[in-house]
Amino acid sequence: MFRKRDDSPRKMVQGNWKCSKCGTDITELPFEPSGDLPLFCSACHRERMNERRGNDRGGFQRQMVQGNWKCAKCGVDITQLPFQPKEGQEILCRDCYKAQKGY
Ligand SMILES: [Zn+2]
Ligand SMILES: [Zn+2]
């Protein structure tokens with residue numbers, strides 16, 4: 001026979017938040033929200049999940065910009081970037097970018 005170990009396996013956290021998308025009041029969450037993470041009501045949460053699955057809407061996908069640049073540091077060819085570079089902007093390849101950031 002199936003026996004539950006815990007009376008309430010999913011503890012709901014009570015509070016007073018607003019959905020980051022539609023502004024609906026949220027009074028309970030299945031987790032303790034941390035920092036400035038966006039919160040979503042159950043309807044918007046479901047919508048987000050659907051969007052992530054059918055990703056041809058592109059809303060949450062990182063758009064890569066195709067082009068032909070050179071790394072300002074090592075001179076390697078760069079054919080795509082995760083952003084549209086501004087004119088005169090120094091472009092670094094992934095390795096140099098990481099090195100500069102100190103990873
Ligand atoms: Zn919502
Ligand atoms: Zn480089």
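Small disclaimer: the values here were computed from a predicted structure and weren't measured. Atoms within each ligand, like the ligands themselves, are counted from 1 in listed order.
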Item checked: Angular separation of C96 SG and C93 SG about the Zn ion (ligand 2), given to 10° ->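 An angle of 100° at the metal.
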
Next item on the list: Compute the angle centred on the Zn ion (ligand 2) spanning SG of C74 and SG of C71, and express it rounded to 10 degrees.
Entry: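 My answer is 110°, to the nearest 10°.
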
Check: Using a distance threshold of 2.8 Å, what protein N/O/S atoms lie below it relative to the Zn ion (ligand 1)?
Finding: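 Short answer, with waters excluded from the count: C19 SG, C22 SG, C41 SG, C44 SG.
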
Minimum side-chain heavy-atom gap [X]-[Y] below 4.5 Å:
X: D77; Y: K70; result: yes
X: L39; Y: F31; result: yes
X: V65; Y: F83; result: no
X: M64; Y: L81; result: no

Margin query: Quick test of your reading of the model: are K73 and E90 salt-bridged, counting only N-O distances below 4.0 Å?
Written below: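 Salt bridge: no.
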
Note to self: With a 4.5 Å cut-off on side-chain heavy-atom distances among I, L, V, M, F, W and Y, is there a chain of contacts connecting I26 to V13?
What the structure shows: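 The answer is yes; both residues are in one hydrophobic cluster.
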
Check: Between the main-chain N or O of K86 and the side-chain N or O of Q89, is there a donor-acceptor pair closer than 3.5 Å?
Finding: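 Flag set: sc Q89 to bb K86 pair under 3.5 Å.
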
